[in-house]
Amino acid sequence: MTETVLEVNDLQCSRAKGDPVFSHVNFKVNAGDIVVVQGRSGSGKSTLLKCLSHMNIYSGEILYRGKTPKSYGIPHYRTRVLYVPQRASLLPGTPRDFMEAISNFGSYNKKSSAERSQSARPRGLSHETIELAEEWGIDEELWDRSWSNLSGGEMQRIALAIAVGMKSAEVMLLDEPTSALDPDSSASVENYLRSQIKASDSNLKALVWVTHSEEQGRRVGNRFMQLSAGGIQEESVDSGV
Ligand SMILES: Nc1ncnc2c1ncn2[C@@H]1O[C@H](COP(=O)(O)OP(=O)(O)OP(=O)(O)O)[C@@H](O)[C@H]1O
């Protein structure tokens with residue numbers, strides 16, 4: 001049976017001056033989906049992800065498991081429908097500072113039933129997260145370097161490892177998550193995320209993945225959408241390939 005985790009109805013997002021970036025955006029994300037979103041530069045892909053995580057003003061309706069973000073409380077909602085930005089360079093301090101800060105974050109500590117069984121989570125978070133990043137080629141010493149002194153690819157892998165390590169998200173919104181990575185690192189991240197979506201014991205149920213790479217889209221996605229000013233179009237999967 002289809003389990004809808006996110007539903008978007010007639011979404012419109014406008015620029016500060018009022019003209020819409022896009023309108024009439026409708027789609028559903030189901031458990032097990034990796035929804036690849038593509039579109040021309042400036043079509044609003046990042047803006048769409050920010051709307052989905054309630055970080056941008058929008059009109060229309062977004063429902064997470066049938067309920068509005070406000071009914072969960074926005075900070076709590078954002079830990080469940082989690083936006084992972086393309087760049088974390090504007091953050092102050094080091095990745096380790098950031099990881100410790102979110103470990104103590106009230107909404108993060110509001111555990112889901114799956115998480116409640118794990119009593120020592122904050123320590124586990126740090127250790128597992130550092131190990132995961134190590135699998136992606138990140139030396140532990142980089143956790144103590146300021147964000148602004150990390151390369152784009154290091155920043156991306158650390159930000160993604162933190163997002164995954166939180167284990168709070170059911171839907172992760174990925175904004176070109178491997179754009180600064182070499183092919184091997186990118187493959188490692190892709191394989192890990194795909195395995196998490198398939199794993200029955202994972203909290204992560206679906207991904208919305210913005211990428212400019214057609215090849216990457218085909219490798220990771222099971223659903224494909226094109227965003228433009230007039231709405232979002234789902235493309236049928238090419239079963240002949
Ligand atoms: N903070 C902002 N203030 C004003 N306009 C913005 C802001 N952020 C984005 N925009 C505008 O909104 C539109 C959509 O931007 P967005 O970054 O969502 O596009 P995108 O499809 O993700 O682009 P790209 O593929 O180049 O990353 C663009 O016209 C952009 O200039």
Side-chain angles (χ1 to χ4, degrees), residues 34 36 45-46 49-50 53 55 78-105 107-109 115 118 120-199 201-213 215-217 219-221:
I34 301 182
V36 170
K45 301 177 295 296
S46 301
L49 297 190
K50 288 178 196 161
S53 60
M55 295 170 74
R78 285 186 185 143
T79 65
R80 298 292 181 253
V81 181
L82 182 71
Y83 174 63
V84 185
Q86 197 179 358
R87 296 193 204 301
S89 54
L90 296 179
L91 286 170
T94 68
R96 198 184 296 275
D97 296 339
F98 182 70
M99 187 164 56
E100 280 167 10
I102 59 165
S103 295
N104 297 321
F105 179 44
S107 295
Y108 164 72
N109 285 320
E115 293 158 349
Q118 297 168 280
R121 291 249 327 118
R123 280 186 181 282
L125 166 70
S126 316
H127 186 65
E128 285 174 27
T129 303
I130 287 166
E131 277 190 349
L132 175 61
E134 236 159 20
E135 283 174 32
W136 295 343
I138 298 294
D139 286 343
E140 189 169 351
E141 58 158 304
L142 296 184
W143 288 86
D144 297 307
R145 209 185 269 180
S146 70
W147 285 102
S148 53
N149 290 335
L150 294 168
S151 77
E154 289 164 349
M155 225 181 271
Q156 276 188 328
R157 280 171 285 173
I158 291 176
L160 201 54
I162 292 173
V164 170
M166 284 169 71
K167 292 188 179 163
S168 63
E170 281 207 308
V171 184
M172 218 175 258
L173 310 169
L174 303 173
D175 199 350
E176 300 186 54
T178 65
S179 60
L181 301 192
D182 60 76
D184 285 349
S185 304
S186 182
S188 175
V189 168
E190 287 172 16
N191 291 338
Y192 180 82
L193 290 170
R194 288 169 58 200
S195 73
Q196 286 297 294
I197 295 300
K198 287 188 183 140
D201 60 348
S202 166
N203 214 42
L204 192 58
K205 297 284 182 271
L207 302 174
V208 181
W209 189 315
V210 168
T211 175
H212 277 285
S213 162
E215 293 76 24
Q216 180 175 63
R219 279 197 302 273
V220 299

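All figures in this text were calculated on a predicted structure; none of them were measured in a lab. Excluded from the calculations below are hydrogen atoms, water molecules and symmetry mates; all remaining heavy atoms, backbone and side chain alike, are included.
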Side chain to side chain contact (heavy atoms under 4.5 Å, CB included) assessment of Q216 paired with S186:
CA-CA 9 Å; Q216 180 175 63; S186 182; 3.6 Å; yes
Minimal non-hydrogen separation, A169 against L82, with atom names
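Where A169 meets L82 most closely, the heavy atoms are CB-CB, 3.7 Å.
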Minimum heavy-atom separation for W136 and A161, please, with both atom names.
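Here W136 and A161 meet closest at CZ3-N, 3.7 Å.
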Rounded to the nearest 0.5 Å, what separates atom [atom1] in [X] from atom [atom2] in [Y]?
{"X": "L207", "Y": "I197", "atom1": "CG", "atom2": "CD1", "value": "3.5 Å"}
{"X": "N191", "Y": "R219", "atom1": "CG", "atom2": "CZ", "value": "9.0 Å"}
{"X": "E128", "Y": "M166", "atom1": "CD", "atom2": "CE", "value": "13.5 Å"}
{"X": "L173", "Y": "S46", "atom1": "CG", "atom2": "OG", "value": "11.0 Å"}
{"X": "R157", "Y": "L142", "atom1": "CZ", "atom2": "CG", "value": "8.5 Å"}
{"X": "K205", "Y": "M172", "atom1": "NZ", "atom2": "CE", "value": "12.0 Å"}

Is any side-chain heavy atom of [Y] closer than 4.5 Å to one of [X]?
{"X": "F98", "Y": "I158", "answer": "no"}
{"X": "M99", "Y": "S126", "answer": "yes"}
{"X": "V210", "Y": "P177", "answer": "no"}
{"X": "V84", "Y": "W209", "answer": "no"}
{"X": "Y83", "Y": "K50", "answer": "yes"}

Does [X] reach the main-chain N or O of [Y] with its side chain, forming a donor-acceptor pair under 3.5 Å?
{"X": "D175", "Y": "Q86", "value": "no"}
{"X": "E154", "Y": "S151", "value": "yes"}
{"X": "S202", "Y": "A199", "value": "no"}
{"X": "S168", "Y": "T79", "value": "yes"}
{"X": "R96", "Y": "D144", "value": "no"}
{"X": "R145", "Y": "E141", "value": "no"}
{"X": "S53", "Y": "L49", "value": "yes"}
{"X": "D182", "Y": "D184", "value": "yes"}
{"X": "D97", "Y": "T94", "value": "yes"}
{"X": "R194", "Y": "V220", "value": "no"}

For side chain to side chain contact (heavy atoms under 4.5 Å, CB included), just list the numbers for L193 and L174, CA-CA rounded to whole Å, side-chain angles, deciding distance to a tenth of an Å, and then say yes or no.
CA-CA 11 Å; L193 290 170; L174 303 173; 3.8 Å; yes
Any donor-acceptor N or O pair under 3.5 Å, side chains [X], [Y]:
{"X": "T178", "Y": "Q156", "result": "no"}
{"X": "S146", "Y": "S148", "result": "yes"}
{"X": "T211", "Y": "E176", "result": "no"}

